[in-house]
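Everything on this sheet refers to the single structure shown next.
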Amino acid sequence: MTSENNSDRRNIVIFDTTLRDGEQSPGASMNLQEKLAVAQALVDLKVDVIEAGFPIASPGDFEAVREIANLVKGAQVCGLARCVNADIDRAWEALKCAENPRIHVFLATSAIHREFKLRMSQEEIIQRAVDGVKRAKGYCDNVEFSPEDACRTEIDFLCQVVEAAIEAGATTVNIPDTVGYTTPPEMTKRIETLINRVPNIDRAIISIHCHNDLGMAVANSLAAVAAGAGQIECAINGLGERAGNCSLEEVVMAMRTRSDIFRADTRVVSQKLVPTSRLVSKVTGLKVPRNKAIVGQNAFAHESGVHQDGVLKERTTYEIMSAESVGFVKNDLVLGKHSGRAALADRIKSLGFDVTPESLSQIFDEFKRLADIKKEVYDADIIAIVDRFSSNQRRSADEDWKCVSYELSCGSTPSPAIKVVLSHCGEEKSATFNQGDGPVHAMFGAVRQVIGLPVTLKEFKLEAVTGGSDAQGEAVVFLNVENSETTYQGSAISTDVIEATFLAIVDAMNRIQRARRLRTK
């Protein structure tokens, strides 16, 4: 990492859209408590703007934006709205109690969208954009405008729309590569053209929102910054529609590591990138690939003997940033059953987690239980325990189903037989199931029989948290409600993979029931 003076670097606004565009990733929906946990993590990370949701999209989205607006301090809270009066009014209703609210209005501008989606002329588009910005401006000063599909919009028309939006009161103009189609040279030229040809461009921050369909979201965002953009819209772990968005952790560390090139930085606390990534991965059920840049498990791993020798002699021979700078702990401290509470607390803190004394007591008990089963407990095991306990706290509800016990009998020839016992509002219910293709299918059938929800098992994943035959296993299930395209995710961790499956299925079922209760409410 370069060591030049920070004074000559521009500050780039980080606009995080994990809770809005990121949640649109298939299977990545979060409940209210999980959204609040992610929002607080983003505040701790010191992102500048949190796009909390699309308030008019659903009652759940409205409620989440409103709660985040009420509770979050230290970052701007943003709500998305089409250039439609009802959308903008609904967004303000959700945002009005925020410490620093922002309304983000958008309208498609490309020829293909004008012709096939909107059926509007260029003049109508400009008028609709101006009207939308003015209505939002009537509620708050902080207004962002996005010409959707800007990178496929004719440059002359894009300049006209941007100028009109700024004149109407937009303080940020966002240039979205909505379908991930552009390239870095094209992006550079587009931003430079806007700067040179839009006469009032100095009255607004130029933002960029890049999708990753061709794998260039980060590169395109950095090209925009180099050309003069002052805000990047991105998401933790690169979550988002289709192939995802620009990855927050990658673009932040690229600017920080290559400040000699970009002459730009952010206020992001980079040491919190890995804990935040893990939290988002946990609540969405979308795993981070081992080779993912910055936050992947292998991002700072060296297996080649030549590389190992070089790193031992001088870290910078094969590492362009330190593991500690993004939130990893360089050496994987191994704890065992003889380790004490203080050692565990110190390790939890160094891994980036903050737990209360009451929480620590329960986590320590779980740690001791695991240490009796395993010879060694690694950092990944400790993270899993903290995550599991935190998840249980976030998901606890009096009306939730709780796992009591299960009995399973299966072999290579006969169909598996299983009995499950669950409790609901203090009453235990059981069911037996003796058909299906394997123990997972049987477990799902038995739980569905008890709870009685019309769901299908869309996807099942099982991964070892650490290596070895005694590793904890994380089960993740995705359930579909019949006659609906909505997918609900559940996850759980245990050294017994069947128990983890049992807990994960019930977790997903509880999510469905909570969503139904919210809609009824």
Side-chain angles (χ1 to χ4, degrees), residues 13-25 28-45 47-107 132-133 135-146 148 170-172 174 176 207 209 231 233-236 239-241 245 248 276 279-280 283-284 394 486 511 514-521:
V13 176
I14 293 298
F15 177 111
D16 182 274
T17 188
T18 305
L19 294 173
R20 201 276 298 169
D21 201 331
E23 202 204 11
Q24 292 173 205
S25 303
S29 60
M30 297 173 249
N31 63 36
L32 177 58
Q33 291 305 312
E34 289 164 343
K35 286 186 176 183
L36 289 170
V38 171
Q40 186 56 53
L42 294 172
V43 171
D44 296 341
L45 189 62
V47 306
D48 300 285
V49 186
I50 299 172
E51 189 168 47
F54 193 175
I56 205 164
S58 71
D61 242 29
F62 174 83
E63 181 72 15
V65 176
R66 185 171 64 177
E67 285 299 305
I68 291 169
N70 281 333
L71 298 175
V72 163
K73 308 297 178 187
Q76 299 174 41
V77 178
C78 177
L80 186 67
R82 294 167 297 184
C83 283
V84 174
N85 288 349
D87 281 36
I88 297 166
D89 296 344
R90 188 70 166 161
W92 178 247
E93 183 65 25
L95 291 167
K96 63 184 181 182
C97 291
E99 180 182 60
N100 192 349
R102 175 185 293 197
I103 299 177
H104 180 189
V105 294
F106 72 97
L107 180 65
V133 171
R135 191 172 188 91
K137 195 73 173 180
Y139 288 125
C140 67
D141 290 332
N142 191 350
V143 175
E144 177 172 337
F145 172 73
S146 287
E148 186 185 6
T171 50
T172 300
N174 180 46
S207 175
H209 181 125
Q231 174 178 289
E233 304 198 357
C234 46
I236 299 295
L239 292 183
E241 286 273 9
N245 285 292
L248 183 150
T276 308
L279 172 63
V280 171
V283 300
T284 62
R394 289 193 297 270
T486 305
R511 287 171 180 262
R514 289 191 212 112
R516 288 184 167 187
R517 289 198 296 268
L518 180 60
R519 283 195 293 271
T520 301
K521 180 181 176 181

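Residue numbers run from 1 in the order of the sequence given. Both backbone and side-chain heavy atoms feed into the values below; hydrogens, waters and symmetry mates do not.
Rounding to the nearest 0.5 angstrom, the gap separating the CG atom in Asn85 from the CZ atom in Arg135 is 3.5 Å. Atom OH of Tyr139 is separated from atom CD1 of Ile88 by 8.5 Å, given to the nearest 0.5 angstrom. Rounded to the nearest 0.5 angstrom, Asn31 CG and Glu63 CD are separated by 12.0 Å. One distance of note links CZ of Arg102 with CG of Asn142; it measures 4.5 Å at 0.5 Å rounding. Residue Asp21 holds its CG atom at 9.0 Å from CG of Leu80, rounded to the nearest 0.5 Å. To the nearest 0.5 Å, the span separating CG on Leu279 from CD1 on Ile236 amounts to 9.5 Å.
Proximity of Glu233 to His104: side-chain heavy atoms (C-beta onward) are separated by under 4.5 Å at one or more points. Within the 4.5 Å cutoff, the side chain of Leu248 has no heavy atoms near those of the Thr18 side chain. Residues Ile68 and Leu36 have side chains in contact (heavy-atom distance under 4.5 Å, counting atoms from C-beta outward). Under the 4.5 Å side-chain criterion, counting only non-hydrogen atoms from C-beta, Ile50 is not in contact with Val38. Here the side chains of Glu144 and Val49 are not in contact, with every heavy-atom distance at 4.5 Å or above. Inter-residue side-chain proximity for Glu99 and Val72 is flagged as unmet; no heavy-atom pair is nearer than 4.5 Å. Within the 4.5 Å cutoff, no side-chain heavy atoms of Phe15 are placed close to those of Ser207. Side-chain contact between Val143 and Phe145: absent, with no pair of heavy atoms (C-beta onward) separated by less than 4.5 Å.
Residue Ala81 comes nearest to Phe54 through the heavy atom pair CA-CE2, 3.9 Å, listed as atom of the first residue, atom of the second, then distance. The two atoms that bring Pro176 and Ser146 nearest to each other are CG-CB, 4.0 Å, heavy atoms only. Between Gly132 and Cys83, the shortest heavy-atom distance links the atoms CA-SG, 4.2 Å. The two atoms that bring Ala39 and Leu19 nearest to each other are CB-CD1, 4.1 Å, heavy atoms only. Summarising the geometry of Ala69 relative to Ala94, their closest heavy-atom pair is CB-O, 3.6 Å, with the distance given to 0.1 Å. Minimum heavy-atom separation, Pro101 to Cys140: O-SG, 4.1 Å.
Side chain of Thr17 to backbone of Cys234: no donor-acceptor contact under 3.5 angstrom is found. A distance-only check finds no donor-acceptor pair linking the side chain of Gln40 to the backbone of Ala37 [under 3.5 Å].
Between Arg20 and Asp61, no side-chain nitrogen of the basic residue sits less than 4.0 Å from a carboxylate oxygen of the acidic one, so the salt-bridge criterion is not met. Salt-bridge check for Lys35 with Glu67: failed, with every basic side-chain N at 4.0 Å or more from each acidic carboxylate O.
The neighbour count for Lys73 NZ, taken as heavy atoms of other residues, nucleotides or ligands under 6.0 Å away, is above 12.
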Practice item. Could you please spell out the steps behind the side-chain contact (heavy atoms from CB on, under 4.5 Å) verdict for Met30 and Thr284? Key: CA-CA 6 Å; Met30 297 173 249; Thr284 62; 4.2 Å; yes
Practice item. Start with the C-alpha distance between Glu93 and Arg90, add both sets of side-chain angles, then the distance that settles salt bridge (charged side-chain N to carboxylate O under 4.0 Å, His left out), and finish with yes or no. Key: CA-CA 5 Å; Glu93 183 65 25; Arg90 188 70 166 161; over 6 Å; no
